[in-house]
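These notes concern the structure reproduced below.
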Amino acid sequence: MIRVRFAPSPTGDLHVGGGRTALFNWLFARKFGGTFILRIEDTDGARNTEEAAQGILKGLRWMGLDWDEGPDAGGSYGPYFQSQRKSIYDAYLARLEADGRTYVEDNGAVRFKFSRTAITVNDLVCGDVTFAPTEEPDMTLRRPDGSYIFHFVNVVDDIEMKMTHVFRGEDHLSNTWKHIDLFNAFGATPPTYAHIPLILNSDGSKMSKRDEGSAIEKSYMNGGFLPDAVFNYLCMLGWTPRADVEKLSREALVALFEPSEIHSSNARFDMAKCSWFNAQYLRELSPEALFAVARPFLEKEGLVITDEAVAAAAVYSVKEKVSLLTEIPSWVHYFFREDYVFEADVVTKLKAKPENVALLQAAASALATQTEWTEASVQTAVEEAAKTLSVKPGALMPLLRFALSGQSRGPGVTTIAHLIGQASTLKRIERATAL
RNA sequence: GACCCCUUCGUCUAGCGGUUAGGACACAUCCCUUUCACGGAUGCGACACGAGUUCGAUUCUCGUAGGGGUCGCCA
């Protein structure tokens, strides 16, 4: 039975690297019917916070990485907060002490006597990596205040929680021999490791908090991304599924996941490609689904939604023009208010030719006579007006767009007119001619 | 400083001794088009360097350079 875990330390927001580590563990568990455990490594009381822990859970849930054991999920190997497992660590430390593998410093810190033998890490990604007998000082297991150090609790919990595989960042590879030394000291079999490459900034430097795309909540949840898109993109960073396309569903990704295919070289983060994935997922959303995810971003920009059907249709009309949900408000704001601002170049274009006012008034006259108000009837009215004026409809459409939206880009003019209604359409044209 | 991992277009990558070195994103051009987009087509563009091994190296070996990581009483 496969058991894997994601073991974050709640010192800050969920990082994109952590999110991907959790993602690979999750894929592995789901593919092989294993158990995905979430363990909070909060042994450093000075740096850990409850908010950070909650933030991590929130981020994981948003990404759709559900855990089978852990906080809020329970399980037979809890508690899943290391801060609540002190008695277990005390018992394990006692075993080491009984075997003469530890010694106490003057100030009370407890150290582990390394075996100082060559240790080989059999890694699913990096292959066999052998570390020569170490010359490093013995490592500390317990601080003078009685609290435990990461390496120790990490190993003890992996033994206690019966982990079979450990997918973690490559930054841990250099320390893995220490963990194996500990497993050996306990007479336990180490799990199979898979150290995944790190995610770097676009310039190749180390990605850390504050860098673009580094924080799940700030960059993605609040940045207008869809969970599926982020999930898909992160999979492509360090792993190439054997498929002929890159856009793949969660189900497909789970089915395709193969640990040995994970790359061993670091990957640079590319926000443009991540956004491209988002655009792809955005476009396949239904009007209702798109409106549901876009709504918070609309309201955040102060747009007041009075008619949900119209609002949903308005949002849907621009779905192929945006990549991120955060871009939607600027594309649809005029659907929600009459006092929209005319963009500078629009005003310029409207005033460029004196006859524009007459053209708009002619269009308004034709529009005013329509007894039913559909996209087709709007189209008909504009064509009639154009015919009367001996111009092409194409000469009228841009002007109407400027008048109805104050912008030079957007959905089809007939779509805009239909959605805002006949009265508003006529009022907006009048307002534009008065500029 | 020591040790570990890594190195194909700008980016993510395919490739597992013989290929016109393929794809995706980005970028450029064209088509479509009432705008902006979408979509379609085309183009631009890479094997870090140096030795070996071999009939033949992007591919195997070694070295160099470069990037990343670890060496905490952080995780």
Side-chain angles (χ1 to χ4, degrees), chain A residues 7-12 18 40-44 46-48 82 105 107-111 121 123 125-127 129-132 134-137 139-151 153-154 168-178 195-200 202-207 233 235-247 263-277 279-280 283 317-323 327 331 346 349 379 382 386 392-402 405 407-414 416:
Chain A
S9 179
T11 56
I40 305 299
E41 308 219 328
D42 54 350
T43 56
D44 184 355
R47 296 176 54 201
N48 299 144
Q82 291 188 326
E105 296 277 5
N107 66 5
V110 178
R111 285 185 185 267
V121 179
D123 196 278
V125 174
C126 304
V129 182
T130 299
F131 294 84
T134 188
E135 290 176 21
E136 282 183 31
M139 78 172 157
T140 301
L141 260 27
R142 197 179 69 179
R143 303 184 185 92
D145 68 2
S147 63
Y148 290 93
I149 296 301
F150 160 73
H151 302 292
V153 294
N154 188 267
R168 54 168 32 164
E170 195 206 271
D171 51 335
H172 288 292
L173 181 59
S174 296
N175 280 326
T176 302
W177 63 269
K178 298 176 185 175
H195 287 91
I196 64 182
L198 270 20
I199 298 176
L200 271 27
S202 58
D203 65 358
S205 61
K206 179 185 181 183
M207 181 183 268
Y233 175 66
C235 283
M236 311 309 293
L237 236 37
W239 172 47
T240 306
R242 295 216 170 262
D244 51 9
V245 292
E246 295 187 357
K247 180 174 173 296
H263 310 152
S264 44
S265 58
N266 293 340
R268 300 184 186 200
F269 182 82
D270 184 358
M271 187 54 96
K273 187 148 190 179
C274 190
S275 295
W276 176 80
F277 270 102
Q280 302 305 304
R283 281 169 203 142
S317 74
V318 300
K319 73 165 179 169
E320 286 180 349
K321 304 176 186 305
V322 301
S323 296
E327 298 167 3
W331 282 84
V346 166
K349 287 173 183 171
Q379 180 71 35
V382 173
K392 292 177 178 175
L396 254 33
M397 289 297 189
L399 297 177
L400 285 170
R401 168 184 306 290
F402 299 156
S405 70
Q407 299 187 161
S408 57
R409 36 152 209 173
V413 171
T414 54
I416 298 174

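Just so it is clear: chains get the letters A, B, ... in the order the sequence lines come, proteins before strands, and each one is counted from 1. For clarity, every value in this text was computed on a predicted model and none was experimentally measured.
For E246(A), whose side chain is taken as the heavy atoms from C-beta onward, the closest listed nucleotide among rC5(B), rG23(B), rU13(B) is rG23(B). Candidate nucleotides rG39(B), rC71(B), rA24(B) were compared by shortest atom distance to the side chain of Q280(A), and rG39(B) ranks first. Listed nucleotides rU35(B), rC73(B), rC6(B) differ in distance to R401(A); the shortest reach to its side chain belongs to rU35(B). If you check rC12(B), rC73(B), rC38(B) against the side chain of T140(A), the one that comes closest is rC73(B). Comparing rC25(B), rC73(B), rC36(B) against the side chain of K321(A) picks out rC36(B) as the nearest. In the set rA75(B), rG68(B), rU11(B), rA75(B) carries the atom at the smallest distance from any side-chain atom of H151(A). Checking rG39(B), rU11(B), rC4(B) against the side-chain heavy atoms of R268(A) singles out rU11(B) as nearest. Counting only heavy atoms from C-beta on, F131(A) has its side chain closest to rC3(B) among rG69(B), rU34(B), rC3(B). The side chain of N266(A) has rG68(B) as its nearest neighbour among rG68(B), rA75(B), rC73(B). Checking rU35(B), rC73(B), rC25(B) against every side-chain atom of A272(A), the shortest atom distance belongs to rC25(B).
A salt bridge between K321(A) and E327(A) is absent, with no side-chain N of the basic residue lying under 4.0 Å from a carboxylate O of the acidic one.
Between S9(A) and rA75(B) there is no side-chain polar atom (N or O) within less than 4.0 angstrom of OP1 or OP2. Applying the 4.0 Å criterion to OP1 and OP2 of rA75(B), one finds that T43(A) has a side-chain N or O inside that range. Regarding contacts with the backbone of rC71(B), a side-chain N or O of N175(A) is found under 4.0 angstrom from either OP1 or OP2. In this model, the phosphate group of rC5(B) is not approached by any side-chain N or O of H172(A) to a distance below 4.0 Å at OP1 or OP2. Regarding contacts with the backbone of rG15(B), a side-chain N or O of R242(A) is found under 4.0 angstrom from either OP1 or OP2. Side-chain N/O atoms of H263(A) include one lying less than 4.0 angstrom from OP1 or OP2 on rU13(B). Taking only side-chain nitrogens and oxygens, R111(A) comes nearer than 4.0 Å to OP1 or OP2 of rC73(B). For T240(A) and rA14(B), the shortest distance from a side-chain N or O to OP1 or OP2 is below 4.0 Å.
D123(A) places a side-chain N or O within 3.5 Å of a backbone atom of H195(A) that can act as its donor or acceptor partner. Between the side chain of T134(A) and the main chain of E136(A), a donor-acceptor pair closer than 3.5 Å is present. Looking at N107(A), its side chain never comes within 3.5 Å of a backbone N or O of P144(A) through a donor-acceptor pair. Remark: side-chain polar atoms of N266(A) are not paired, donor with acceptor, to backbone N or O of I199(A) under 3.5 angstrom. Side-chain atoms of S275(A) come within 3.5 Å of backbone atoms of M271(A) as a donor-acceptor pair (strictly under, hydrogens ignored).
Of the two residues near RNA chain B, R142(A) and G204(A), the one whose nearest nucleotide lies more 5' is G204(A). Along RNA chain B, the nucleotide nearest to K178(A) and the one nearest to L200(A) differ in position, and the one closer to the 5' end is contacted by L200(A).
Residue G108(A) is classed as having no contact, given no heavy-atom separation below 4.0 Å to the nucleic acid. Looking at heavy-atom distances under 4.0 Å, A267(A) makes contact with sugar-phosphate atoms alone, never a base. Across all strands shown, V413(A) has heavy atoms under 4.0 Å from base atoms, whether or not it also approaches the sugar-phosphate. Residue-level contact check: P144(A) touches the bases, meaning some heavy atom is under 4.0 Å from a base atom.
Between rC25(B) and rU20(B), the two P atoms lie 26 Å apart (nearest whole Å). Comparing the P positions of rC6(B) and rA46(B) gives a spacing of 26 Å, expressed to the nearest Å. Between the C1' atoms of rU58(B) and rG1(B), the separation comes to 34 Å (whole Å). Taking the C1' atoms as reference points, rU8(B) lies 22 Å from rU54(B), given to the whole Å. Comparing rC5(B) with rU53(B), their P atoms are spaced 26 Å from each other, to the whole Å. rU59(B) and rU19(B) have their C1' atoms separated by 12 Å, with the value rounded to a whole Å. The same atom, P, is picked in rG22(B) and in rG43(B); the two are 11 Å apart, to the nearest Å. To the nearest whole angstrom, the two P atoms, one in rU7(B) and one in rC12(B), are 12 Å apart.
The base of rA24(B) sits with one of its N or O atoms less than 3.5 Å from a complementary donor or acceptor on the side chain of K273(A). The base of rG39(B) lies outside donor-acceptor range of the side chain of E320(A), with no N or O pair under 3.5 Å.
Rounded to whole angstrom, the span from the CG atom of L173(A) across to the P atom of rC4(B) amounts to 10 Å. Atom CE of M139(A) is separated from atom P of rU70(B) by 16 Å (rounded to the nearest Å). When rounded to the nearest whole Å, the span between CG of D244(A) and P of rG23(B) equals 13 Å. Look at CG on D145(A): it is 8 Å from C1' on rC73(B), rounded to the nearest Å. Nucleotide rC73(B) holds its C1' atom 6 Å from the CZ atom of R143(A), rounded to whole Å. One interatomic measurement links the two molecules: CD of Q407(A) to P of rA37(B), which rounds to 13 Å at whole-angstrom precision. Here rC73(B) presents its C1' atom at 15 Å from CZ of F150(A), a figure rounded to the nearest Å. Distance, I199(A) CD1 to rC12(B) P: 12 Å, rounded to whole Å.
Partner assigned to rU7(B) is rA65(B), using Watson-Crick or G-U wobble distances below 3.5 angstrom. Shown here, rU70(B) forms a base pair with rA2(B); the pair counts as Watson-Crick or G-U wobble because both key distances fall under 3.5 Å. rU58(B) makes up no base pair with any nucleotide shown, lacking Watson-Crick or G-U wobble contacts both under 3.5 Å. Base pairing annotation: rA37(B) forms no Watson-Crick or G-U wobble pair, as no partner gives both donor-acceptor distances under 3.5 Å. rG43(B) and rC27(B) make up a base pair, with Watson-Crick or G-U wobble contacts both under 3.5 Å. Of the nucleotides present, none pairs with rU20(B) by Watson-Crick or G-U wobble criteria with both distances under 3.5 Å.
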Would you sort out whether R143(A) and Y148(A) count as a side chain to side chain contact (heavy atoms under 4.5 Å, CB included), showing the intermediate values? CA-CA 6 Å; R143(A) 303 184 185 92; Y148(A) 290 93; 5.9 Å; no
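In this pair, F269(A) and Y233(A) present their aromatic rings perpendicular. The plane angle is above 60°, beyond the 30 to 60° band.
Within 90° of 0 lies the glycosidic angle of rC38(B), which makes this nucleotide syn.
Side chains of T240(A) and H263(A): a donor on one and an acceptor on the other come within 3.5 Å. No side-chain donor from either of S405(A) and R401(A) sits under 3.5 Å from a side-chain acceptor of the other.
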